[in-house]
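To start, the structure under review is shown below, and the notes come after it.
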Amino acid sequence: MIEWLNGLAGSGKSTIAQTIAAWCDHEQILGASFFCARTGGRSDVQLIFPTIAYQLSLLDPIFANELAKALTANPDIHKSLPSTQVEKLIVEPLRTALTAESFSLRGRVVVIDALDECRDDAAISVILVALSQFVEALRPLKFLITSRPEPRIVDGFRGYNALLQHTHTLLLNDVPHEIVDRDIAAYIEERLTLIRAMSSGLEFWPSEDEKKELTRLTGRVFVFISTALNFIADKRGNNPRKRLGDVLKKIGIHKASPFAHLDGLYTGVIDAAFPDDTEPETLEEMRSVIGSVVLLRDQLSPMALDDLLGVERGTSTRNLGLLQSVVSLPQSDDSGVIQIIHLSFPDFLVDPTRCTKQDLVVNPRKHHNILAKCCFEAMAHTLCRNVCQIPPDQVSVFNRDVSDLATRVRTHLPPHVQYAMRRWADHLHDSTIDPDTLNSLKTFCYDHL
């Protein structure tokens with residue numbers, strides 16, 4: 001009855017919702033739609049159910065008559081809680097309309113897009129709380145809800161059994177990469193063909209290498225390639241060839257460029273997660289975690305990152321959970337790795353001219369310094385002679401001749417230590433070597449090597 005489309009920022013949720021709404025309208029099965037936005041009236045949670053009720057009333061006269069009675073009895077219902085609104089404006093009129101032979105709302109689809117963008121200070125989305133209370137009574141309708149995986153939305157869908165039982169979840173982030181790449185490549189080809197047809201002198205443009213690089217830059221962010229192609233096609237630029245070159249060189253000086261668009265996307269995500277009254281200690285902890293994520297040379301699980309940084313386990317998950325619109329977390333702390341949604345996000349965080357939340361700006365050289373010291377600390381606490389406890393009769397044999405070496409490595413060398421062993425020199429090379437780091441290096445070289 002409820003399809004929850006859950007995806008990261010810019011992954012194409014709204015495009016999918018608009019496409020489905022248009023298709024349902026063409027097939028005459030669309031009941032209502034509400035496309036939320038962070039600004040204007042579309043951010044008001046108290047407008048969602050009244051708007052849906054009004055649109056449903058246009059399709060069924062009995063429902064419309066019952067809705068009019070409800071509005072007459074409750075003239076200030078637009079100020080009521082969403083749970084009261086859904087009961088009085090949708091559930092009760094629906095119950096009466098269902099008894100009529102002419103009932104025309106059965107199976108109608110209601111689309112609510114970008115639920116996370118509505119202003120809602122509650123710990124769990126009030127819209128989902130309301131739906132959970134009346135989900136059985138709403139069964140004649142089908143709902144498509146899209147959102148980013150923000151905690152108040154995730155907890156709403158998972159925290160109420162009534163809602164959980166009637167919801168099917170589709171995670172866009174779980175769609176295999178080869179399918180995403182294929183679809184994006186097809187979209188790029190179609191748009192570039194159209195741009196060529198509308199311009200002169202572009203018969204052999206772009207090259208295959210340029211198309212491959214454009215696909216690579218896209219990552220899993222549909223909004224990037226959509227904006228990039230709009231930027232390239234913009235008639236005001238009158239030079240698609242040059243504009244494609246600007247995109248591939250990551251030149252973001254134009255307000256219409258996809259990089260400027262992504263900056264706005266990232267700024268909105270950060271401002272929502274960290275309001276102006278956020279405590280400095282919270283921001284410092286987040287900067288430590290997110291700075292490490294964007295500068296790590298290999299991806300780590302949340303647990304391994306906690307161990308590398310020497311912080312309490314759960315710290316990385318707790319902090320990155322606030323940024324799940326742009327950072328993908330695994331299902332559990334010890335399996336899977338932390339993934340950045342798009343390669344432009346690290347560039348954004350290390351550039352103080354782009355990231356307006358100055359307390360979260362990452363200084364790469366200083367943070368590489370921190371990571372180098374963490375690597376030395378991890379190795380000093382773990383490494384020792386015969387760390388994998390190879391039996392005496394096998395100490396002098398080749399690695400390939402130790403039958404259970406892989407198991408011993410997993411047992412005695414945790415992931416964060418393996419990372420430190422591989423990457424300490426990389427972080428040291430890119431850091432500002434202060435006296436503490438130099439002492440750590442000396443101790444490592446003279447005492448341990």
Side-chain angles (χ1 to χ4, degrees), residues 213 216-217 219 249-250 284-311 313 315-317 319-320 323 326-330 333-352 354-355 360-385 387-388 399 405-406 408-410 412-449:
E213 179 62 11
R216 188 191 71 81
L217 281 176
K249 294 174 185 174
K250 302 184 183 180
E284 178 60 32
E285 185 178 74
M286 169 56 84
R287 182 168 59 183
S288 173
V289 172
I290 194 64
S292 300
V293 170
V294 302
L295 294 178
L296 287 174
R297 297 306 179 98
D298 304 317
Q299 294 171 324
L300 293 176
S301 70
M303 185 181 295
L305 180 58
D306 290 338
D307 292 343
L308 180 65
L309 296 177
V311 297
R313 285 187 172 177
T315 298
S316 295
T317 297
N319 282 275
L320 296 176
L323 295 179
V326 291
V327 178
S328 176
L329 291 174
D333 285 357
D334 60 345
S335 64
V337 295
I338 303 165
Q339 298 183 63
I340 298 291
I341 176 178
H342 193 262
L343 50 81
S344 62
F345 188 52
D347 295 339
F348 170 80
L349 283 177
V350 301
D351 188 342
R354 296 172 63 189
C355 181
L360 287 182
V361 174
V362 176
N363 183 314
R365 293 188 68 80
K366 287 184 178 179
H367 208 90
H368 276 299
N369 190 39
I370 294 171
L371 288 170
K373 285 189 280 192
C374 288
C375 287
F376 287 134
E377 193 75 14
M379 291 188 293
H381 278 133
T382 305
L383 299 185
C384 60
R385 184 172 180 82
V387 65
C388 288
N399 283 355
L405 183 60
R408 290 180 179 274
V409 168
R410 286 195 299 271
H412 299 287
L413 294 174
H416 74 287
V417 177
Q418 293 187 40
Y419 177 87
M421 293 160 59
R422 289 193 305 268
R423 295 302 190 178
W424 66 267
D426 293 316
H427 292 303
L428 189 67
H429 176 272
D430 292 336
S431 71
T432 52
I433 302 180
D434 60 22
D436 286 343
T437 311
L438 186 59
N439 286 334
S440 296
L441 175 62
K442 287 180 176 178
T443 300
F444 175 72
C445 292
Y446 293 131
D447 294 351
H448 299 305
L449 285 184

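Counting heavy atoms from C-beta outward, Q299 and V293 have side chains that stay 4.5 Å or more apart. Two residues are said to be in side-chain contact when any heavy atoms from C-beta on lie closer than 4.5 Å; T443 and H448 meet this criterion. You'll find the side chain of P346 reaches within 4.5 Å of the side chain of I340, heavy atoms only. Residues V327 and I338 meet the side-chain proximity criterion, which asks for heavy atoms closer than 4.5 Å.
Taking each heavy atom of P302 and L329 in turn, the nearest pair found is CG-CD2, 4.4 Å. Between S440 and K373, the shortest heavy-atom contact is OG-CG, 4.2 Å. Annotation for L305 and S292: closest pair CD1-CB, 3.9 Å, computed over non-hydrogen atoms. The shortest heavy-atom contact between H412 and C388 is CD2-O, 3.5 Å. The two atoms that bring L349 and C355 nearest to each other are CD2-SG, 4.3 Å, heavy atoms only. Residue V294 comes nearest to G291 through the heavy atom pair CG2-O, 3.3 Å, listed as atom of the first residue, atom of the second, then distance.
The main-chain N or O of S431 is found under 3.5 Å from a side-chain atom of R365 such that the two form a donor-acceptor pair. H429 places no side-chain N or O within 3.5 Å of a backbone atom of A425 that could act as its donor or acceptor partner.
Using a 4.0 Å cut-off between a side-chain N of Lys or Arg and a carboxylate O of Asp or Glu, D434 and K366 do not qualify as a salt bridge.
Between the side chains of T315 and D306, no donor N or O sits under 3.5 Å from an acceptor N or O.
Ring geometry, F348 versus F345: the interplanar angle falls under 30°, so the pair is classed parallel (tilted spans 30 to 60°).
For the side chain to side chain donor-acceptor pair (under 3.5 Å) condition, the pairs that include at least one residue of residues 418-427, sequence neighbours left out, are D298-R422, D298-R423, H368-H427, Y419-H427, R423-D426.
Checked against side-chain contact (heavy atoms from CB on, under 4.5 Å), P414 has the following partners two or more places apart in sequence or in another chain: T382, H416, V417.
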